[in-house]
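Here is the structure we will look at, set down as structure tokens.
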Number of protein chains: 2
Amino acid sequence: MALENPPGSAFLLAAVGAHAAARFAERVAELDLTPPQIGLLGLIAASPGQSQQAVAHVLGMPPSRLVGLVDALADRGLVERRRNPTDRRLHALHITDAGQAALGKIATIGREHDDALCRSLDSSERETLRTFLSRIAADQGLRPGIHPGYRTV
Amino acid sequence: MALENPPGSAFLLAAVGAHAAARFAERVAELDLTPPQIGLLGLIAASPGQSQQAVAHVLGMPPSRLVGLVDALADRGLVERRRNPTDRRLHALHITDAGQAALGKIATIGREHDDALCRSLDSSERETLRTFLSRIAADQGLRPGIHPGYRTV
DNA sequence: TATTGTTATACTCTATAACTATA
DNA sequence: TATAGTTATAGAGTATAACAATA
């Protein structure tokens, strides 16, 4: 889209945001994890014990898609499914110690990523940027910490 | 990715950017155009007469992918392929009057989209946001007006 | 009969590589 | 032999819908 001169805020946001997402995906590939898997891991850590249906609903994705993501994390021992004894249909999702350790590494990578992306802004400018982006996110109905890319479009 | 509290700049950028891109795609669907088609249309308008190979290289996509995009725009009469008489292998890409008209509508939609996305910022804040984003884009090697989503990852 | 999780199927998007026409 | 453009094939990712287990 080479349309406006200079480009508008929305185009810049989309372009820089796509770049940020691509660079983050590159960095975490080192851990053999994808951004969707990491988003799920973070959500399970933040609110453990939820059913797959509940988590899928929060992320705005079909439950069938969640199965594969949980499989990948469970195969590696980062999360576990615990059957509810009173209603054996439910699989409560919990993070493991290995999962917590992985989240620690991810947080470090995230900070490095943040610094590299915003190295052309000083610390006060970064704060201003975060303020503006948070305000837009809230105004646009984005839930904090949930990437809208999960949603059905 | 619900990892940091509060979320870092990179995550906010990726989330807000994905939201911006999704809303823009919704708006231009009314014209029966997709964002990649629009990006190509804008590039052809900005530098007409280039070969498909050259355009594919600028956008960072395989030439085979460009064929389908050009087909879609040419079928609708928005662009045209002109064979180079001295080297008949080359197809120079040009925008048509209908293509220019479509770009006009797209620009209007883009401004509306920009206003809706940034309605929680005043005009001076929007200017600051554009400044910061432009600086990040330049620092990160993003070429002005080219969406990095075209690139091979 | 309703609900949770899973699997099966089909569809979209894309890259790679084969092909053609021109040089 | 080399290059521009095109077509064919195959792979990834995803949604929809069918299915099995449990209530």
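At least one donor-acceptor pair under 3.5 Å links the side chain of B:Gln140 to the backbone N or O of A:Ala116. A distance-only check finds no donor-acceptor pair linking the side chain of B:Arg130 to the backbone of A:Leu12 [under 3.5 Å]. Looking at B:Arg82, its side chain never comes within 3.5 Å of a backbone N or O of B:Ala92 through a donor-acceptor pair.
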For each nucleotide in nucleotides 1-7 of chain D, reading 5' to 3', give B when a protein heavy atom comes within less than 4.0 Å of its base, S when such contact involves only the sugar-phosphate, and - otherwise. -BBBBBB
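Between B:Leu13 and A:Leu13, the closest side-chain pair of non-hydrogen atoms falls below 4.5 Å. Side chains of B:Leu33 and B:Leu73 form a contact here, defined as non-hydrogen atoms less than 4.5 Å apart. Taking the side chain as every heavy atom from C-beta outward, A:Asp71 and A:Arg81 approach each other to under 4.5 Å.
Ring-plane geometry between A:Phe11 and B:His147 is classed as perpendicular, the angle between the planes exceeding 60 degrees on a 0 to 90 degree scale with a lower cut at 30.
Taking atom CZ on A:Arg83 and atom P on D:dA21, their separation rounds to 11 Å, with Å as the unit. Whole-Å rounding puts the A:His57 NE2 to C:dG5 P distance at 14 Å. Remark: C1' of D:dA15 and CG of A:Leu59 are 16 Å apart, rounded to the nearest angstrom. Between the P atom of C:dT6 and the CE atom of A:Met61 lies a distance of 14 Å, rounded to the nearest Å. The CD atom of B:Gln37 sits 14 Å away from the C1' atom of C:dT12 (whole-angstrom rounding).
Under the side chain to side chain contact (heavy atoms under 4.5 Å, CB included) criterion, B:Ala25 pairs with B:Pro35, sequence neighbours left out.
Between A:Leu69 and A:Pro85, the one whose closest nucleotide on DNA chain D sits nearer the 5' end is A:Leu69.
Rounded to 10 degrees, the angle separating the terminal axes of the helix from C:dT1-D:dA23 to C:dA23-D:dT1 is 30°, with each axis obtained from five end pairs.
B:Thr86 comes within 4.0 angstrom of the backbone, heavy atoms only, and of no base.
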